[in-house]
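Just below is one structure, and these are the notes that go with it.
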Amino acid sequence: MASYTVTSSRVSYDVIKRRKLKKLKMDQERLAQRERDKLSHIRSTLDTKQPTSYAYIGLKTTTNRDRATRIQEQNRKLLDRLLAIDEGKACLDNRLVEHKPDSEFHRKRNRAAEKILRENRELLRRIEEQQSHYDHRRTYRDYKKHSEMVGKISKYPLWNGPGNEWRNY
């Protein structure tokens, strides 16, 4: 039989742990040194120039000022009106003032509306003057004859309407 000799190639856990910690420390020191090198190469800069001003900003502020002035004036007028109403000096304006548009578009639209109105009136007049082609007496006679025949044929009597009796033919 052949004998095998087993050599211990196992390294203890403490040794592995120490190696890993040492490697970790070296990596951290290397990274810290790299950061210090980067920081040492940075030049500090401070911008002391006056900021650029744009012409439209000055215009914008003046327009805002003008707008604010107009709003203040309108608010003052409204306040005066409210005070006059509160003091009882105001009167009731119950007159209806019709606004009459004077543009060509409104005149044209009004003419078109008037034309349509005239045509509708003419159609209504013609319809009202037209005589009926149906004889309502003959239609009523046909209805009576038909209802008698239905009453004779049907199993149930016909209802003659509310307030009336049942009809049996």
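Between atom NZ of residue K115 and atom CG of residue N110 there is a gap of 15.0 Å, rounded to the nearest 0.5 Å. Separating the CD atom in E148 from the OH atom in Y143 is a distance of 11.0 Å, to the nearest 0.5 Å. To the nearest 0.5 Å, the span separating CD1 on I127 from CD on E122 amounts to 10.5 Å. Put simply, CG on N75 and CG on L79 are 8.5 Å apart, with the number rounded to the nearest 0.5 Å. Interatomic distance, R111 CZ to H106 NE2, rounded to the nearest 0.5 Å: 13.0 Å. To the nearest 0.5 Å, atoms CD (E128) and CG (L123) are separated by 11.0 Å.
Annotation: side chain of L117 is in contact with side chain of R121 (closest heavy-atom distance under 4.5 Å). For the pair R81 and L78, the minimum side-chain heavy-atom distance is below 4.5 Å.
Atom CZ of R125 is surrounded by more than 12 heavy atoms from other residues, nucleotides or ligands within 6.0 Å.
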Does the side-chain contact (heavy atoms from CB on, under 4.5 Å) test come out yes or no for D80 and L82, once each step is laid out? CA-CA 5 Å; D80 290 343; L82 288 173; over 6 Å; no
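A salt bridge links R107 with E104: at least one charged nitrogen is closer than 4.0 Å to a carboxylate oxygen. Salt bridge status for D37 with R34: absent, with no side-chain N to carboxylate O gap under 4.0 Å.
Partner E73 forms a side chain to side chain donor-acceptor pair (under 3.5 Å) with one of R70, R76, K77 and no other, that one being R76.
With 3.5 Å as the limit, one finds no donor-acceptor pair spanning the side chains of Q33 and R30.
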